Protein chains: 2
Amino acid sequence: MENNELPADVALMWRLRETPRRGPKPSLTLDDIVASAIAIADAEGLAAVSMARVAERLGNSTMALYRHVKSKDDLLVIMSDAAIERPEPMPEGVDWRTGLTFWADGVLTAIRRHPWYAKVPISGPPAGPNNLAWFDSALGVLADTGLPEEAKVGVVMGLITYVQGQIRMAFDLAAGYADNPDAFRRFGATLRKVADPRVYPAVVRTVEAGVFDEVGSFEEDNEADFDFGLQLYLDGVAAFIDRVG
Amino acid sequence: MENNELPADVALMWRLRETPRRGPKPSLTLDDIVASAIAIADAEGLAAVSMARVAERLGNSTMALYRHVKSKDDLLVIMSDAAIERPEPMPEGVDWRTGLTFWADGVLTAIRRHPWYAKVPISGPPAGPNNLAWFDSALGVLADTGLPEEAKVGVVMGLITYVQGQIRMAFDLAAGYADNPDAFRRFGATLRKVADPRVYPAVVRTVEAGVFDEVGSFEEDNEADFDFGLQLYLDGVAAFIDRVG
DNA sequence: CCTTACTGCGTACCTGCTACGCTATTTAGC
DNA sequence: GCTAAATAGCGTAGCAGGTACGCAGTAAGG
């Protein structure tokens with residue numbers, strides 16, 4: 001009990017546990033469980049992850065898992081930290097803007113490998129080792145900007161929010177698109193039919209301009225949108241650094 | 001069947017339905033169901049909304065709901081559109097920056113009344129009348145900027161992403177804080193104990209600077225963070241308008 | 001008046017989380 | 001060694017939640 005003050009799940013993620021145990025050797029390790037859960041989520045989505053499925057895949061019974069994990073929510077937190085891995089080391093000597101763009105692209109790439117990551121409900125600050133490494137990487141890029149520490153945290157939190165929000169929305173939309181491509185292709189048509197120009201003047205103007213007519217290439221659109229919004233945000237950061245840094 | 005091409009839930013939200021019916025008078029209306037579901041979500045959160053609870057609150061049986069709604073997911077989409085109401089009319093003659101700030105504050109206020117709104121999974125573009133009204137309001141503010149329609153959509157989508165992401169994160173954190181205030185208060189202490197300065201140099205530097213030491217006033221912190229990130233994004237929009245508009 | 005469409009709802013099934021307690025196993029201490 | 005304590009696996013069972021199905025009763029159309 002030397003890790004007295006830490007919440008149980010945090011202690012688990014950092015692998016802090018008294019090693020000398022008395023009972024029988026565990027036939028199951030936390031790593032096995034997490035790997036199994038991640039494999040299922042990768043293949044069939046987060047909704048397919050049930051305690052029964054995870055255990056079955058390991059040839060164990062459902063309840064055996066509860067010797068290693070407090071609850072399913074616990075498992076979700078731990079597996080999301082494991083799935084995000086570590087960021088690539090930041091190239092030496094990059095300016096902050098290049099660095100944050102590199103960082104954001106890295107997040108996008110990492111989450112692409114585990115799309116369900118963006119769906120895990122967040123219940124606190126990033127307490128796992130991998131999430132913390134990402135946080136550290138972004139903070140480090142801002143080291144030479146002269147911003148006060150608190151402002152750096154604000155900038156990075158805003159960036160995380162934007163990036164995760166964008167990714168979540170993109171994947172939700174992609175899922176909806178896969179479920180029902182027609183509904184999307186007819187979004188413009190639907191608006192034309194249903195949107196009164198007196199109530200929705202700006203939307204109708206946009207529809208008339210044909211913006212929603214070609215929703216064809218979904219992947220590239222999202223990539224472009226992602227970068228577009230990111231650069232807007234970074235422009236804002238630049239202005240902020242000029243003002244304060 | 002004059003609304004031939006529309007998905008069922010969209011038709012429901014816009015209240016397009018053939019009026020002449022043959023069977024017995026419905027003792028239940030969609031509005032009742034939605035209002036009941038919203039009341040439960042407001043009082044006890046989205047997780048407390050079950051078909052059984054919604055029906056019980058109306059003095060009906062669970063299965064009666066399925067005559068009005070295709071599935072629970074259907075109900076969630078419809079109730080989220082109903083909950084967001086309409087934006088306040090934009091003051092006349094405001095510049096775009098004031099307008100978008102006003103808009104974002106409006107979103108924040110509206111979602112504060114129904115915090116669960118940010119948790120409803122998004123499965124498509126904003127197809128309901130109220131969500132579309134918000135979309136229209138933000139687009140309208142950009143009317144005089146000279147941006148091409150497509151760019152306006154990009155700016156507004158980015159803004160929505162940021163605002164919703166920020167709100168979702170804030171509420172998730174607030175919920176985690178309510179569940180376990182100690183874990184939060186000790187976040188800085190936890191990092192000190194667990195974070196190796198060689199692995200997490202930037203985080204440790206921030207911790208040493210005392211940024212995480214006073215997490216006291218949660219509400220105001222979030223308000224400030226929200227505005228901070230928003231202004232960064234709007235700075236970016238300003239730069240974009242200078243460049244392109 | 002009979003047919004038809006439609007509403008409410010009871011029943012039942014399935015999936016999923018997890019509390020509890022039993023049994024077997026390993027190690028610590030004597 | 002031997003006993004007691006601690007611990008792993010797991011079977012059972014309870015509970016909650018979504019929803020398919022089919023029956024019964026009701027109101028409008030012909």
Side-chain angles (χ1 to χ4, degrees), chain A residues 1-2 8-9 11-12 17-34 36-37 40-41 44-79 116 119-121 123 179, chain B residues 1-2 8-9 11-12 17-34 36-37 40-41 44-79 116 119-121 123 179:
Chain A
M1 294 277 166
E2 64 272 31
D9 54 337
L12 280 179
R17 259 185 110 181
E18 337 69 85
T19 23
R21 321 290 219 58
R22 197 174 282 197
K25 292 271 187 302
S27 72
L28 213 54
T29 68
L30 180 59
D31 289 316
D32 292 336
I33 296 174
V34 170
S36 170
I40 294 172
E44 301 172 50
L46 198 59
V49 176
S50 71
M51 299 305 267
R53 279 291 305 278
V54 172
E56 184 194 30
R57 211 173 157 287
L58 294 167
N60 280 68
S61 84
T62 307
M63 294 312 292
L65 305 185
Y66 284 89
R67 292 282 174 203
H68 301 263
V69 153
K70 197 164 58 40
S71 68
K72 187 185 179 180
D73 288 337
D74 223 81
L75 175 58
L76 290 181
V77 172
I78 298 173
M79 70 187 271
W116 47 268
K119 295 210 153 183
V120 176
S123 56
D179 282 358
Chain B
M1 295 276 167
E2 66 272 31
D9 55 337
L12 278 180
R17 257 184 115 182
E18 336 71 84
T19 22
R21 321 289 217 58
R22 196 173 283 198
K25 292 274 188 298
S27 72
L28 214 54
T29 67
L30 180 59
D31 288 317
D32 293 335
I33 295 174
V34 170
S36 171
I40 293 172
E44 301 172 51
L46 198 60
V49 176
S50 71
M51 299 304 265
R53 280 291 305 277
V54 172
E56 184 194 29
R57 212 174 156 285
L58 294 167
N60 280 69
S61 84
T62 306
M63 294 311 292
L65 304 185
Y66 285 89
R67 292 285 174 202
H68 302 264
V69 152
K70 197 164 60 38
S71 68
K72 187 185 180 181
D73 288 337
D74 224 79
L75 175 58
L76 289 181
V77 171
I78 297 173
M79 71 187 269
W116 48 267
K119 295 211 153 181
V120 176
S123 56
D179 282 359

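Since the model is a prediction, treat every value here as computed from it, not as a measurement. Numbers restart at 1 for each chain; the letters A, B, ... are given by sequence-line order, proteins then strands.
- For the pair B:V69/B:V34, no side-chain contact is recorded, criterion being any heavy-atom separation below 4.5 Å from C-beta on.
- Atom CD1 of A:I33 is separated from atom C1' of D:dG9 by 12 Å (rounded to the nearest Å).
- C:dG16 atom P lies 14 Å from atom CG of A:L75, rounded to whole Å.
- The CG atom of B:L28 sits 17 Å away from the P atom of C:dC6 (whole-angstrom rounding).
- Residues passing the side chain to side chain contact (heavy atoms under 4.5 Å, CB included) test with A:E56, sequence neighbours excluded: A:R53.
- Judged by distance alone, with hydrogens and angles left aside, the side-chain atoms of A:K72 form a donor-acceptor pair with the main-chain N or O of A:V49 at under 3.5 Å.
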Open item on the list: Let's test your reading of the pairing rules: Watson-Crick or G-U wobble, both distances under 3.5 Å, then write DNA chain D as a dot-bracket string with ( ), [ ], | and dots.
Closed with: ||||||||||||||||||||||||||||||
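- With rounding to the nearest 0.5 Å, the separation of CH2 in B:W116 from CD1 in B:I40 is 11.0 Å.
- Judged purely by atom type and a 3.5 angstrom limit, A:T62 has no side-chain atom pairing as donor or acceptor with the backbone of A:M51.
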Can you name the atoms? Protein N/O to nucleotides 23-27 of chain C N/O, anything below 3.5 Å, with the distance.
unit_1	atom_1	unit_2	atom_2	d
C:dT26	O2	A:R22	O	2.7
C:dT27	OP1	A:K25	NZ	2.5
C:dT27	O4'	A:R22	O	3.2

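- Residues from residues 60-69 of chain B that place a heavy atom under 4.0 Å from any atom of DNA chain D, listed by number: B:T62, B:M63, B:Y66, B:R67.
- A heavy atom lying under 4.0 Å from DNA chain C marks none of the residues of residues 51-59 of chain B.
- For the atom pair NE2 (B:H68) and CD1 (B:I33), the distance works out to 5.0 Å, reported to the nearest 0.5 Å.
- Regarding B:D73, its CG atom lies at a distance of 16 Å from the P atom of D:dG17, rounded to whole Å.
- Pairing each heavy atom of B:L75 with each of B:A37, the nearest pair is CD2-CB, 4.2 Å.
- In this structure, CG in A:L30 is found 9.0 Å from CG in A:D74, a value given to the nearest 0.5 Å.
- A:K70 has its NZ atom 9 Å from the P atom of C:dA19, to the nearest Å.
- In this view, B:A64 and B:L28, B:N60, B:S61 satisfy the side chain to side chain contact (heavy atoms under 4.5 Å, CB included) rule, not counting sequence neighbours.
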